[in-house]
Amino acid sequence: MTEKCLQVALDVPLDRLFSYGAGEFNPQIGERVLVPFGPRRLSGIVLATGADPGEYAGKLRSILACPADMPPLPEQVLALCRFVASYYHHPLGAVLAAAVPVVFRGTASFSPPDPEYLYQAGDLQALLSAIGSRAPARLKVAELLAVPVTAGQLRSANPAAMRWVRDWQAAGFVQTTTAEADSAGETLLLGPQPPLNAEQQAAVAAIAAATGFAPFLLYGITGSGKTEVYLQAIASQLAAGRQVLVLVPEINLTPQLEQRFRQRFPAVLLASLHSGLNDRQRALAWLDATQGRAKIVLGTRLSVFTPLPQLGLIVVDEEHDPSYKQQDGVRYSARDVAVYRARQSRVPVVLGSATPSLETWQNAQAKRYTLLPLTRRAVKDATLPAIRLLPVKKIRAAEGLHPLAREAVERALQAGRQALVFINRRGYAPVLACTECGWMASCRHCAARLVLHLGESRLRCHHCGFEEAVTPACPDCGNHDLQPVGHGTQRLEDIVAKQFPGARVLRIDRDSTRRKGELDAALKQVHDGDADILIGTQMLAKGHDFPRLSCVVILNADTGLYSMDFRAEERLFALLTQVAGRAGRHGQGGEVLIQTLFEDHPFYAQLLDGDYARLAQRLLAERRQLRLPPFTQWAILRAEAPQLPRVQAFLDAARLAFPHLRGLVVHEPVAASMTRRAGHERMQLLLVADTRAVLHQAMDEALPRIAALPDSQIRWSLDVDPLEV
DNA sequence: AGCACGCCGACT
DNA sequence: GTCGGCGTGCTC
């Protein structure tokens with residue numbers, strides 16, 4: 001009898017599967033196995049068990065082990081990964097590796113901890129009277145046993161707690177269960193469901209009534225109560241015994257949203273896959289979801305691959321957020337994969353945003369997605385902030401804030417409220433320049449300026465991490481008068497501190513919150529009212545709710561308005577809407593002031609009206625006219641190497657690998673928007689096709705030839721549906 | 001991607 | 001005479 005032949009996907013940059021003998025093992029499809037691969041051992045996923053070894057017959061190597069620590073990936077997830085591999089033209093083994101928790105990618109086997117025991121008093125009154133009133137410390141611990149608690153929780157109440165609990169256990173007062181058993185018979189326990197307005201009700205009803213695949217765009221202005229719609233749509237799924245997948249952008253808002261979910265569904269196990277978890281915790285949360293214990297999975301883009309045996313609904317919050325697009329490796333869009341998954345699993349998917357991506361908006365206009373509008377503020381007392389433009393010609397360095405902005409901040413402080421000054425640039429100044437010859441400090445590894453960080457007296461590259469001490473004199477002409485040009489958060493902090501001497505100024509950016517816990521501490525300070533003026537970057541724009549904030553000043557946000565990037569307006573609208581939304585979420589209407597050089601740009605008329613629909617209509621008309629996405633299908637072949645000519649030669653050759661197809665344009669290679677990064681020259685080649693089918697046909701033909709091109713110095717990657725050009 | 005094999009410069 | 005540079009070739 002001949003040995004069974006397995007097809008195994010491995011995490012190597014080779015777009016093919018590998019055949020192995022099963023040896024003494026009998027792995028299932030979707031299971032992970034350890035295999036010999038050249039001189040090393042790798043973990044792979046079994047994709048077929050009765051395969052024909054073909055040319056390798058007789059010289060197959062056998063698998064080394066079946067760790068059985070990971071439940072086999074179900075066929076649904078394998079199919080999802082196959083789709084992602086083919087759509088983004090990435091090796092299947094690499095996609096599967098990315099879809100699985102880190103602990104299952106290596107050759108070490110993962111052993112979950114023993115199930116944790118929960119302790120509970122069967123008859124609390126009997127226990128309390130047995131202890132008597134002379135042992136208050138024990139009484140305190142005993143009272144905790146009214147509900148199931150862990151040993152850790154008991155110990156944190158009193159270090160000696162477990163000794164007493166063992167005694168009570170021996171005496172029959174205390175029983176144990178495991179978390180798993182405890183949740184098995186649980187009934188769905190809902191927190192109070194707040195009343196909904198008519199629009200919210202209509203949205204919840206539409207989602208609940210959907211059968212099979214049904215994509216929705218929940219288009220809700222800031223404060224219109226999108227989250228409440230999610231919660232009630234989720235509640236009806238939970239009541240039907242189904243699981244729900246909720247995707248959120250990669251930001252620090254997850255704890256807040258998580259808190260809200262837990263409050264609403266206190267008895268439901270929620271697997272939260274946020275960045276704060278270590279690999280082990282992640283694996284455990286993933287197992288909870290995979291084995292159907294966790295009913296809600298809340299996580300960032302990677303969570304879209306989580307196996308969910310009873311999936312009933314997918315929610316993508318802030319669907320326009322660029323962090324849904326992975327920017328290295330498999331460059332997938334978790335939002336688009338989520339829609340595919342919903343179709344595959346025949347469940348509804350809700351894409352929510354106040355400023356939808358134009359791709360999604362167009363899908364709604366074309367009736368491919370059902371539009372669920374929320375146009376009224378549902379949050380109690382909330383009013384839309386008044387947005388005003390402050391035209392600035394060229395603000396002198398020492399000023400920073402427009403006089404009217406200064407007055408507005410003053411007003412907020414007088415009223416005992418907080419003000420936020422938003423500038424999307426950290427450091428002191430983005431440029432250090434020589435006043436004599438015009439020299440500017442730039443990175444020696446990147447085509448980028450070095451940013452001045454005055455506090456540490458360093459010049460830093462924000463792209464490659466290079467840094468150096470501030471030079472005392474111009475290296476070109478020897479002049480000692482080097483001047484910072486432009487504004488960053490640090491410089492603004494200085495200016496604002498001088499202009500408002502009595503105010504407590506708090507800067508929040510990646511530099512001030514680098515260490516663990518610093519961001520939470522800063523946010524707490526804001527919530528407790530221990531800061532008056534916040535200076536912050538994009539970090540502060542998203543998600544956070546600042547009840548005391550009533551005034552927002554936005555600086556230098558619109559530098560992109562006349563840039564090459566056709567998505568600049570769309571993105572700026574989303575950013576400004578989000579920043580503006582920080583003001584006046586509670587009570588008194590907030591004030592939002594935007595300092596701009598381009599006050600006449602049509603963009604601002606639509607922003608001031610808060611009219612996303614009009615902006616979207618104009619931008620979509622432009623894109624249709626100019627044959628830009630979503631009316632054409634794009635892919636970018638990016639390449640980099642230490643020497644530019646090699647990159648040029650590679651892309652010239654790659655260009656020839658594409659077939660001539662009707663409805664396909666393969667552009668000439670051009671320099672990337674940042675031409676050099678971390679010592680590598682970068683170029684790219686743009687493919688524009690009328691339809692996805694043509695684009696993929698071209699890539700299917702060309703990519704094997706490109707992969708076979710000789711130059712090994714070249715690092716290249718393909719970006720399907722690129723967000724950045 | 002790794003990792004080995006392979007063929008040419010400055011050192012214990 | 002070796003240690004080690006990274007070019008190129010393969011992995012069921």
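Note that the structure is a prediction, hence the values are computed from the model and not measured. Lettering of chains follows the sequences in order, A, B, ..., and the numbering in each one begins at 1.
- Remark: the A:E3 side chain and the A:S62 side chain contain an N/O donor-acceptor pair separated by less than 3.5 Å.
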Its contact letters, B for base, S for sugar-phosphate only and - for none at protein heavy atoms under 4.0 Å, make nucleotides 3-12 of chain C read --------BB
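- One atom, CD1 of A:I714, and another, P of B:dA1, lie 12 Å apart when rounded to the nearest Å.
- Judged by distance alone, the side chains of A:T360 and A:E319 do bring a donor and an acceptor atom under 3.5 Å apart.
- B:dA1 atom C1' lies 14 Å from atom CG of A:D328, rounded to whole Å.
- Listed by chain and number, the residues in a ring pair (Phe, Tyr, Trp, His ring centres under 6.0 Å) with A:H445 are A:F466 (sequence neighbours excluded).
- Ring pair A:Y340/A:F83 is parallel by interplanar angle, where below 30° counts as parallel and above 60° as perpendicular.
- With no hydrogens or angles considered, a side-chain donor-acceptor pair links A:R692 and A:Q633 at under 3.5 Å.
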